[in-house]
Amino acid sequence: MPVQTAVVVLAAGAGTRMRSKIPKVLHTLGGRTMLAHSLHAAAEVDPTHLVTVVGHDRERVGAAVTTLEASLGRAIAVAVQEEQNGTGHAVDCGLSALPADFQGTVLVTAADVPLLDGDTLRALLERHRGGTAPTAVTVLTFTAPEPTGYGRIVRRSDGEITHIVEQADATAEQAAITEVNSGVYAFDAEFLRTALGRLNADNAQGELYLTDVVKIAREAGKPVVAAHLTDAAKVGGANDRVQLSQLAAELNRRTVERWMRDGVSVIDPASTWIDVDVTLGRDVTLHPGVQLHGTTTVGEDAVIGPDTTLTDVSVGEGASVIRTHGTEAHIGARATVGPFSYLRPGTVLGESGKLGAFVETKNAEIGAHSKVPHLTYVGDATIGEHSNIGASSVFVNYDGVAKSRTVVGSHVRTGSDTMFVAPVQVGDGAYTGAGTVLRYDVPPGALAVSGGKQRNIDGWVQRNRPGTAAAEAASAAEHPHSSDLHETDKQDLKDGIEQ
């Protein structure tokens, strides 16, 4: 029978140094909360049981765990730490969510180390189970040139670990040690239960330290080993917003580098941000100033940017998206978007379609090869294939109470400044004149115009706006020769009259 594994993720802390109304573990980087990063990593080892220990703001953190259950497709137990009485107490609360007869390995991680991944946890498990004798404790350690704040790994002269000493309890000699505790462990479950019952709060912080389990194991003659991690960033913690931003930058650097090695061209990695759940095809090109968020997908050979932000957007193969902001939209293969387009939720642009400069769309389906070239709003609309919407057009979808839909057929040509007052339908092959206001349906093949015959009221400006610059300009235009005389000519004319 294979050895069972449980993972306990500690997420009960208040995180006061964040100075935030948001629980620390629900702050985000790379498109996920720190809690989500931690639970995704834990789920990758396919544990028999997965437990999250919550405490501070438990309702919000617990609700986030429930949401992650659905996205990960597995059960996640929630244990409550009523009072935050140290890491040993937190793990004891976590064990209460496991079956009383659970035997195997307990991995302990924290929800504020978001770069920890499944590969590292699997390697820790292998190290823990790789000895000839059952190991009581395996500690994931790393070397920190500046170890302030970390528990120090104390070893004997032969290299064996004796105990872990916390910063507040360290002597000057111990404080100089640079091998430190990551806060990630593998325990034998039976031993861990026994050891937690022997913890006491006789220390500088008056808490139950999980690190004391190492000393208890040594005193009992149980094997304690270290798994030394060379990539210290994977266990970097975020206790404040400065550390969070540093980890976010490091996570993004790794994500961008991974995509470049997988065949994506990133012109300026320093200004490009890619969330961890984004998917990119081969030979995609990302220009400077691109941010790809959420579950955005980009097909092969597409070109994104510069200066483009897409959130939960799907982009088809060979499409081009320039200086555009889009959310929950679909851009078809070989379509072109931008510059300065705004795609709101529900936008679907068909294959080889076009959304040009200063176009805004929302809840709009635009068919293959159709174009909305510039200066237009398309809201709550369906446009067929091979149609062209003239510049400065507006789909008037809201009457102040309800929103209605406009349907435009295929092979339609509408003039500039057409107003589509919904609900209205324009049939296949129809045309509209410039400045048309459509309040009624247009049959297929018809030309729709709404303006009356133009008439000019001569002299209106001079009569109604006398003394203005416009009136003077109009008068000068009506009598052009009076303003063309040179000053000397005017004086000669005056002299002639006087003579």
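Keep in mind it's a predicted model, so treat the numbers as computed, not measured.
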Requested in this report: Give the C-alpha distance, both sets of side-chain angles, the deciding distance and a yes or no for side-chain contact (heavy atoms from CB on, under 4.5 Å) between E59 and D57.
Outcome: CA-CA 6 Å; E59 292 82 7; D57 215 343; 4.3 Å; yes
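- A side-chain donor-acceptor contact under 3.5 Å links T105 and R129.
- Looking at D312 and T295, their side chains do bring a donor and an acceptor atom within 3.5 Å of each other.
- No side-chain donor-acceptor contact under 3.5 Å links S341 and E360.
- At least one donor-acceptor pair under 3.5 Å links the side chain of R218 to the backbone N or O of I161.
- Across every non-hydrogen atom of A43 and R74, the tightest pair is CB-CD, 4.2 Å.
- Considering every non-hydrogen atom in both V372 and V359, the closest pair reads O-CG2, 3.3 Å.
- Looking at E146 and T148, their side chains do bring a donor and an acceptor atom within 3.5 Å of each other.
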**Report entry** Stepwise side-chain contact (heavy atoms from CB on, under 4.5 Å) test for V7 and V45
**Finding:** CA-CA 9 Å; V7 181; V45 304; 3.9 Å; yes
Query raised in the report: Under the salt bridge (charged side-chain N to carboxylate O under 4.0 Å, His left out) criterion, do D119 and K234 qualify, and how do the steps go?
Result: CA-CA 11 Å; D119 289 341; K234 288 188 175 183; 5.9 Å; no
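- Looking only at atom types and distance, the side chain of T135 has no donor-acceptor partner in the side chain of H128 under 3.5 Å away.
- Between the side chains of K403 and N363, not a single donor N or O lies within less than 3.5 Å of an accepting N or O.
- Within a 6.0 Å sphere centred on CD of E190, heavy atoms belonging to other residues, nucleotides or ligands number 12 at most.
- For the side chain to side chain contact (heavy atoms under 4.5 Å, CB included) test with L286, the passing option among I267, D268, I274 is I274; the others fail.
- In summary, the aromatic rings of H228 and F142 are positioned with their centroids too far apart to meet the 6.0 Å limit.
- For the residue pair H27 and S20, a side-chain donor N or O sits within less than 3.5 Å of a side-chain acceptor on the partner.
- Paired with K362 under the rule side chain to side chain donor-acceptor pair (under 3.5 Å), one option of T327, D380, T347 passes, and it is D380.
- Looking only at distances, a side-chain donor or acceptor of T308 sits under 3.5 Å from a matching main-chain atom of R323.
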Query raised in the report: Between L29 and L115, does a side-chain contact (heavy atoms from CB on, under 4.5 Å) hold up when you go through it step by step?
Result: CA-CA 10 Å; L29 68 165; L115 270 63; 4.2 Å; yes
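- S38 places a side-chain N or O within donor-acceptor distance of the main-chain N or O of M34, the cut-off being under 3.5 Å.
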Requested in this report: Could you walk me through whether H163 and Q174 pass side-chain contact (heavy atoms from CB on, under 4.5 Å), step by step?
Outcome: CA-CA 11 Å; H163 62 288; Q174 291 169 337; 3.9 Å; yes
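- A side chain to side chain donor-acceptor pair (under 3.5 Å) with Q291 holds for exactly one of T311, N252, T296, T309; it is T309.
- Between the side chains of Q81 and H89, at least one donor N or O sits under 3.5 Å from an acceptor N or O.
- The backbone N or O of E173 lies less than 3.5 Å from no partner atom in the side chain of R152, so there is not a single donor-acceptor pair.
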**Report entry** Check against salt bridge (charged side-chain N to carboxylate O under 4.0 Å, His left out), R254 and E250
**Finding:** CA-CA 6 Å; R254 293 170 184 238; E250 177 60 22; 2.6 Å; yes
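- The ring of Y342 has its center no closer than 6.0 angstrom to the ring center of F358.
- The shortest side-chain heavy-atom distance between T143 and V180 does not fall under the 4.5 Å cut-off.
- A distance-only check finds a donor-acceptor pair linking the side chain of E69 to the backbone of I76 [under 3.5 Å].
- For CZ of R261, the number of neighbouring non-hydrogen atoms (other residues, nucleotides, ligands) closer than 6.0 Å is 12 at most.
- More than 12 heavy atoms of other residues, nucleotides or ligands shown are found within 6.0 angstrom of CG on N200.
- With values rounded to the nearest 0.5 angstrom, L192 atom CG is found 10.0 Å from F102 atom CZ.
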Report task. Would you check, one step at a time, whether the test salt bridge (charged side-chain N to carboxylate O under 4.0 Å, His left out) holds for R155 with E160? Result -> CA-CA 5 Å; R155 296 178 180 265; E160 290 293 313; over 6 Å; no
